[in-house]
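First up is the structure itself, then whatever we jot down about it.
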Amino acid sequence: MMIGFGAAAGIAARLHLTSAAVAPIIRQAMTPHKVVALTFDDGPSPRWTPKVLAVLHKDHVHATFFIIGSHALRHPALVRDEQRAGMDIESHGHQHLILRHRTAAEVRQEVEYNAHILKSLGVPHPTLYRLPGGAADPIALQVLGQMGYRVIGWSIDPRDWQHRYSAAQMVHRIATQIHPGAIIIFHDGPNGSQATVDTVAQIIPALKRDGYRFLTVPQLLQDEAQAQHRSPGTPHASVFP
């Protein structure tokens, strides 16, 4: 059944949504510099988060952790460990809720509750959101945009969560796809693995040898903004929609 323009406008009004508020999904930063961001989803977990942090500490790398609130409540000490290590902590929702086909109220509740959890643990209010499963629809993106979030995707996915690939295979995938401004996704939650840890341990020195620097996602986006300021007319990051 088709919805007429008037009815659609009424629906939008009731949801308090405007097209101007739609948040794009930022998949990479457009920058000429050899910079890259490592990101970790679904944590914290007592099995994998400490191992990932140990590798990052050893190599003096700061990364962005997209945290699930229900996991953070079970393991608050790990969140504090991430903070002490200088990691950037952002939101992956309270319960890893897929935001496709949800009402605006459901999306807002999931996002706001996770921000409340992180704040209760001493984390600054998150400004970045990673979509569970990378899935959303216009309603979810409008709500996130209105709430002031930037939605972060990724440009390189070694698929560590599938537990099908060795560290060598994942390192090869990353090395063949690497580019300035890349955002690489890993997982340190219950779906992490020793192959994830080993991949991170191997890819950091390999990329450093190739001249890459490691930034958090906010730093990466700041680098993009500065590059665009110096070069007017440079296209924006790869985004959707």
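Residues take their numbers from the sequence shown, with the count starting at 1.
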- Query: Does Gln95 have any side chain to side chain contact (heavy atoms under 4.5 Å, CB included) partners at least two apart in sequence or in another chain, and if so, which?
  - Reply: Leu97, Glu110
- Sorted by chain and number, sequence neighbours left out, ring pair (Phe, Tyr, Trp, His ring centres under 6.0 Å) with Phe40 holds for Phe65, Phe186
- Message: Could you work out, with ring pair (Phe, Tyr, Trp, His ring centres under 6.0 Å) as the rule, every residue matching His96, not counting sequence neighbours?
- Response: His92
- side chain to side chain contact (heavy atoms under 4.5 Å, CB included) against Thr127, all qualifying residues, sequence neighbours excluded: Glu90
- side-chain hydrogen bond (donor to acceptor under 3.5 Å, both in side chains) partners of residues 197-212, not counting sequence neighbours, each pair once: Gln194-Asp198
- side chain to side chain donor-acceptor pair (under 3.5 Å) against His163, all qualifying residues, sequence neighbours excluded: none
- Query: Got a sec, which hydrophobics cluster with Trp161, joining ILVMFWY side chains under 4.5 Å apart, including via others?
  - Reply: none
- Taking only residues two or more places apart in sequence, or in another chain, which ones meet Glu106 in a salt bridge (charged side-chain N to carboxylate O under 4.0 Å, His left out)? none
- Note on the structure: Joining Ile, Leu, Val, Met, Phe, Trp and Tyr whenever any side-chain heavy atoms lie under 4.5 Å apart, the cluster holding Met170 also takes in Tyr165
- Query: For Ile98, what residues pass the side chain to side chain contact (heavy atoms under 4.5 Å, CB included) criterion, not counting sequence neighbours?
  - Reply: Arg100, Pro132, Ala135
- Message: Strictly by side-chain hydrogen bond (donor to acceptor under 3.5 Å, both in side chains), give each pair with a member in residues 63-82 just once, sequence neighbours left out.
- Response: Thr64-Asp88, His71-Arg74, Asp81-Arg84
- By side chain to side chain contact (heavy atoms under 4.5 Å, CB included), which residues pair with His125, not counting sequence neighbours? Ala115, Tyr149
